[in-house]
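Written out below as structure tokens is the structure these notes cover.
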Amino acid sequence: EGVYDLEGNVSEWVGDWFTESFSVDDVRNPKGPPTGEKKVIRGSGWHEPVERVGGSRRYQASPENRTDDGGFRCAMDAKSG
């Protein structure tokens, strides 16, 4: 796709509320619970130590939390057909 050097750029807020576990049937794109107190953050930002940099990293934070290495992920499901 011509996209390079994204890992370690910014951590990304996603729309999901955080949960420790998912339904065993929800393997493709688990959405998490409908409400919660903390949101999911994916990836890693530029200030992370090298051992914690990774695109699959997943953690939680309060929606009021702000950092200088955080962004957000714009995504949508692909249309089939």
Side-chain angles (χ1 to χ4, degrees):
E1 299 298 324
V3 178
Y4 303 98
D5 299 323
L6 295 177
E7 191 165 272
N9 188 12
V10 295
S11 299
E12 301 167 330
W13 289 96
V14 296
D16 302 340
W17 290 104
F18 185 82
T19 184
E20 289 288 341
S21 61
F22 300 105
S23 166
V24 294
D25 297 328
D26 201 0
V27 295
R28 186 166 191 279
N29 184 16
K31 300 290 186 190
T35 62
E37 293 183 22
K38 306 261 177 131
K39 288 293 213 170
V40 173
I41 300 175
R42 298 298 307 248
S44 51
W46 58 268
H47 75 41
E48 297 288 347
V50 69
E51 62 272 6
R52 290 192 350 194
V53 171
S56 63
R57 186 167 177 248
R58 177 182 174 273
Y59 58 103
Q60 62 181 317
S62 167
E64 289 83 30
N65 186 40
R66 301 292 182 264
T67 63
D68 60 356
D69 72 330
F72 57 91
R73 184 175 291 191
C74 296
M76 61 186 281
D77 293 336
K79 293 181 181 178
S80 58

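Reckoned from all heavy atoms, side chains included, excluding hydrogens, waters and symmetry mates. Residue indices begin at 1 and follow the sequence shown.
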### Task
Would you confirm whether K39, through its side chain, and G15, through its main-chain N or O, come within 3.5 Å as a donor-acceptor pair?
yes
### Task
Can you run down the salt bridge (Lys or Arg N to Asp or Glu O under 4.0 Å) pairs that involve residues 58-68, sequence neighbours left out, and say none if there aren't any?
none
### Message
Can you give me the closest heavy-atom contact between S11 and I41, atom names plus distance?
### Response
CB-CG2, 3.5 Å
### Query
Which heavy-atom pair separates K38 from P63 by the least distance, and what is that distance?
CA-CD, 4.5 Å
### Task
Say whether W13 and W17 are linked into one hydrophobic cluster, either directly or through other cluster members, by side-chain heavy-atom distances under 4.5 angstrom.
no
